[in-house]
Structures are given as C-alpha cells and as structure tokens.
Amino acid sequence: MPDEYRTVAGAGVHETEVNRSRFLCALAPAATEQEAQDFIAAVRKEHADASHNCWAYVIGADASVQKASDDGEPGGTAGVPMLQMLLRRDMRYVVAVVTRYFGGVKLGAGGLIRAYGGAVGEALDTLGTRTRRRYRLATVTVDHQRAGKLENDLRTGGRDVREVRYGEAVTIEIALPDADVPAFRSWLADATAGTAGFEAGGEAYGDA
C-alpha cells in the first residue's frame, strides 16, 4: 500500500470553454465503486441534454479499480485522458464526470484529449485536493494517575488521538506514522516512567 495519496476535498464543478464547446468537470470523493457510479448517474440525469457525459474514477489507495468511459466521443479521446490525469496527480477514491455541450466546432482527436484531460486538471487545481497519509494505529494503556497529563502531552505534541476509554486503566487509541513508532515508544517510556503499555495495531489512512 502507498504511504500516501491525494483525493478531492469535496464535491464541486469547474467549467472551461474550448472553441465554443462548454466542458463542465464535476468532481467528487467516492469511497466505493458504487458511490462513483451513483455520482455519474446523478450528473447524467442533471445534464441529460448534453452532447456527452464522459467519466473516469479511481478507487483504492493502490488504485486497484480504474474505469473510464468516452460516452460517444471517439474511442480514447475522453475517458482515458481523464483517467490519466487523475493517476498523474496521484488521485484516489475520486470520480470525475466531464459534461460537454458541443459548440459547433469539431476539435479533432488531439483537441478532445487535451480538452477532457485539461478539464480534469483545471478542476483539481481550482477545487483543491488533500493528502491522505498511511498511519499505524496503536493502543497506549496507562494508569489513571498519569492519563490526564499523557493525553494532554499527546494532543499538544500534535499526535492524532483517536479515542480515550476509561476502565481499570485508561486506554488511548492513537495513529502515528510507521517511521515514528520506535521514537514514540522511547518517548512514552520516559514520559510514564516505563509504566505505560504500547500495542501496535493495524493501518489506516488519515489527513496529512
């Protein structure tokens, strides 16, 4: 799995014009292929009168699902350049739909490739992206006496505290980069006089 990837901050639409044809690029985050297909269907319904609604999406941190459609444009001139732009920008869990309203001037294959790929690139630049980084989930167990100060130290130190549970002992769920684990364990031992427990868990992605 990659250490990090990028995705869109939220759904949005950006419009460009090429030789009197209007290109509306709608972007949205999509956690699953079904979410991507639902978004495509919604855009197609909204712009049912458009000449074309071409689309591409990438699902999975490792880009395991990649699909695209030219929706009636000449083969390889719309969906593929859209998909290539998403991949070139390291975008994941994202769907793009470019709606074209034909303006009467034919663009040719090269022109279409530049227009569709460019529409996605401009939309990403305008609407904004965010980086998601891979983290190691870990559980810190500490006695009640030290818990308050430890939690405060974690938060003020910029650590990602996910959950705090109070029982016989206090359990603090955190996420930290894999590379930081050895240094963190050393810091934790010093901060709690060696009394805290540390257990590394699975992996998850979070905002960088």
Side-chain angles (χ1 to χ4, degrees), residues 1-14 26-39 42 56-66 85-96 120-121 123-208:
M1 299 290 275
D3 286 336
E4 63 180 43
Y5 64 85
R6 295 164 74 194
T7 190
V8 289
V13 181
H14 178 69
L27 292 173
T32 64
E33 194 169 2
Q34 186 61 54
E35 279 186 26
Q37 290 170 352
D38 289 346
F39 181 76
Y57 57 78
V58 182
I59 308 296
D62 55 354
S64 56
V65 179
Q66 305 174 22
M85 181 61 71
L86 293 175
L87 294 171
R88 195 177 308 147
R89 297 288 192 90
D90 290 324
M91 300 299 296
R92 305 289 186 267
Y93 295 106
V94 63
V95 55
V120 173
L124 290 171
D125 290 339
T126 303
L127 299 173
T129 62
R130 60 181 180 150
T131 301
R132 303 276 287 171
R133 189 164 290 150
R134 188 161 52 122
Y135 289 95
R136 172 69 57 188
L137 300 175
T139 303
V140 174
T141 308
V142 68
D143 60 52
H144 286 264
Q145 187 180 345
R146 291 184 169 87
K149 182 178 186 306
L150 180 61
E151 183 186 348
N152 185 61
D153 288 349
L154 289 169
R155 292 187 188 278
T156 56
R159 292 299 182 188
D160 182 2
V161 177
R162 298 291 181 95
E163 187 180 357
V164 180
R165 294 192 301 274
Y166 293 88
E168 288 185 17
V170 180
T171 304
I172 304 172
E173 303 284 351
I174 63 168
L176 65 162
D178 254 348
D180 289 3
V181 171
F184 178 80
R185 294 183 79 136
S186 177
W187 172 86
L188 182 66
D190 289 343
T192 63
T195 62
F198 179 90
E199 185 179 341
E203 295 177 334
Y205 283 90
D207 288 333

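Since this is a predicted model, take the numbers as computed values, not measurements.
- Counting only heavy atoms from C-beta outward, the side chains of R92 and T7 never approach each other to under 4.5 Å.
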Would you tabulate the side-chain donor-acceptor contacts of residues 182-192 under 3.5 Å, counting partners in other chains and residues two or more places apart, or write 'none'?
from: T192; atom 1: OG1; to: L188; atom 2: O; distance (Å): 2.8
from: T192; atom 1: OG1; to: A196; atom 2: N; distance (Å): 3.3

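- Between V58 and L87 there is a side-chain heavy-atom pair separated by less than 4.5 Å.
- Here the straight-line distance linking atom CD of E35 with atom CD1 of I59 works out to 8.0 Å at 0.5 Å rounding.
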Exercise for the section: Show your working on side chain to side chain contact (heavy atoms under 4.5 Å, CB included) between R159 and V140 and close with a plain yes or no. Expected result: CA-CA 12 Å; R159 292 299 182 188; V140 174; over 6 Å; no
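- Distance check: L27 CG to L86 CG gives 7.5 Å after rounding to the nearest 0.5 Å.
- A donor-acceptor pair under 3.5 Å is formed between the side chain of R136 and the backbone N or O of G201.
- For T156 (side chain) and D153 (main-chain N/O), a donor-acceptor pair under 3.5 Å exists by modelled atom type.
- Heavy-atom contacts from other residues, nucleotides or ligands closer than 6.0 Å to CD of E163 number more than 12.
- In this structure the side chain of D125 reaches within 4.5 angstrom of the side chain of R89, judged on heavy atoms.
- Note: Q145 CD to T195 OG1 = 9.0 Å, rounded to the nearest 0.5 Å.
- Distance check: M91 CE to Y5 OH gives 10.0 Å after rounding to the nearest 0.5 Å.
- A distance of 11.0 Å separates CG of D3 from OH of Y135, quoted to the nearest 0.5 Å.
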